[in-house]
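The structure appears right after this line, and notes come after that.
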Amino acid sequence: MSGIDTADQEKRAEFYNRLTPHNLAPLWEVLKDIVPPEPRSKAQTTHWRYDDMRPLLLESGALLTAEEAERRVLVLENPAFSGQSRTTATLYAGLQLILPGETAPAHRHTPSALRFVIEGEYGFTAVGGERTTMRAGDLVITPAWAWHDHGNEGDGPVIWLDGLDIPILGFFESVFMEPYNDSRHATTRPEGDALARYGAGLAPIDGASPYGLTSPIFNYPYRRTRDSLLQIAKAGDPDPHMAYTLRYTNPLDGGWVTPTMATWMTHLPSGFSTTAMRSTDGMVAHVVEGEGSIEIDGARIDFAAKDTIAIPGWTWRSLTASSDVFLFFFSDRVIHEKLGFHREERRA
Ligand code: 1HN
């Protein structure tokens with residue numbers, strides 16, 4: 001409030017002081033901050049280079065086992081939220097390492113999780129009694145409250161990007177977990193069962209969704225995703241803003257694969273640039289293949305394969321590919337849509 005004289009200001013300040021012991025505060029002093037004309041993300045644009053992270057992650061592998069750590073992960077912590085295990089305002093991401101022969105013990109928790117596989121051949125995740133082998137580029141889902149453990153039956157390190165909705169559930173003070181009574185959950189179905197039942201344009205004629213609000217498919221293989229993107233690239237020009245983009249879907253309802261996190265993949269052919277757009281959802285971008293750059297509110301980041309970038313909500317973003325690029329994204333868009341405040345703008 002400007003243009004008031006000192007005496008009035010002092011009167012008001014004195015009034016505010018008398019409000020405090022009553023646990024009261026004047027809205028008019030903060031109204032413009034708590035409800036601004038445009039969303040203002042507190043998150044910072046942040047770039048994690050795989051070349052920097054990988055040696056540090058492997059160093060952690062010499063310091064403690066996956067069993068000791070329970071989950072041996074380096075959190076991609078946004079500098080705006082130091083110490084809070086947040087990558088964007090609402091999402092958590094981390095790089096997880098499993099060395100040959102190790103087990104990340106079985107447990108379950110209220111947060112939903114996704115894994116985007118970066119390297120390694122013989123890593124696996126078991127979800128609710130079914131195992132899936134984790135190959136580079138695969139999207140693996142662990143639904144809320146489903147038992148899951150991870151292992152590595154190869155002879156090299158297995159590394160993936162974890163994405164969880166922990167800060168969202170944290171806001172609702174609903175984060176909790178339970179350890180399983182054994183390091184691995186018993187296998188009750190053969191590998192590939194879920195993909196056969198739900199991932200072939202088919203679904204069981206009887207029976208409810210086995211994981212409620214989460215997709216019953218828990219591995220979306222990169223081979224299929226990549227093939228689809230290359231196939232649609234044959235059929236027409238890339239969209240000016242989205243290039244070639246397909247979202248991962250829950251086959252039972254056509255919606256997003258988890259109740260909180262939206263996931264999609266974008267392919268930019270070499271030399272293509274997108275026109276700037278912005279949306280309210282904060283996102284994490286991971287470079288699967290290729291090199292290029294992303295401009296976020298005018299600041300340019302040059303990226304290489306396996307890098308990860310935090311993109312705050314409501315920032316203008318545009319992409320340029322200097323080779324054929326494949327980018328994996330996850331964001332809190334599901335929540336924005338469900339609560340009716342998702343907004344998007346595209347520059348002409
Ligand atoms: C978790 O359970 C996993 O299952 C990864 O691999 C990261 C971060 C916080 C809490 C639980 C996993 C996690 C996590």
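Whatever order the structure lists ligands and atoms in, that order sets their numbers, starting from 1.
Under a cutoff of 6.0 Å and an axis angle of 45°, Arg247 and Trp256 form a cation-pi pair. A cation-pi contact links Arg226 to Phe326, judged by a cut-off of 6.0 Å to the six-membered ring centre and 45° from its axis.
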Pairs under 3.5 angstrom only: tabulate donor-acceptor contacts from the side chains of residues 191-202 to other protein residues two or more places apart or in another chain.
from   : atom 1 : to     : atom 2 : distance (Å)
Glu191 : OE1    : Thr133 : OG1    : 3.3
Glu191 : OE2    : Thr133 : N      : 2.7
Glu191 : OE2    : Thr133 : OG1    : 3.0
Asp193 : OD1    : Arg197 : NE     : 3.4
Asp193 : OD1    : Arg197 : NH2    : 3.3
Asp193 : OD2    : Arg197 : NE     : 2.6

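Using cut-offs of 30° and 60° on the angle between ring planes, the pair His148 and His107 is perpendicular. Between Phe116 and Phe328, the ring planes are parallel. Angles under 30° get that label, and only those over 60° would be called perpendicular.
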| task | Please test Leu229 against Met265 for side-chain contact (heavy atoms from CB on, under 4.5 Å), starting from the C-alpha separation and ending with a verdict. | result | CA-CA 8 Å; Leu229 288 164; Met265 192 176 283; 3.8 Å; yes
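Sorted by chain then number, the residues whose non-hydrogen atoms approach ligand 1 to under 4.0 Å are Arg71, Tyr92, Gln96, His107, His109, Arg115, His148, His150, Asp162, Leu164, Ile166.
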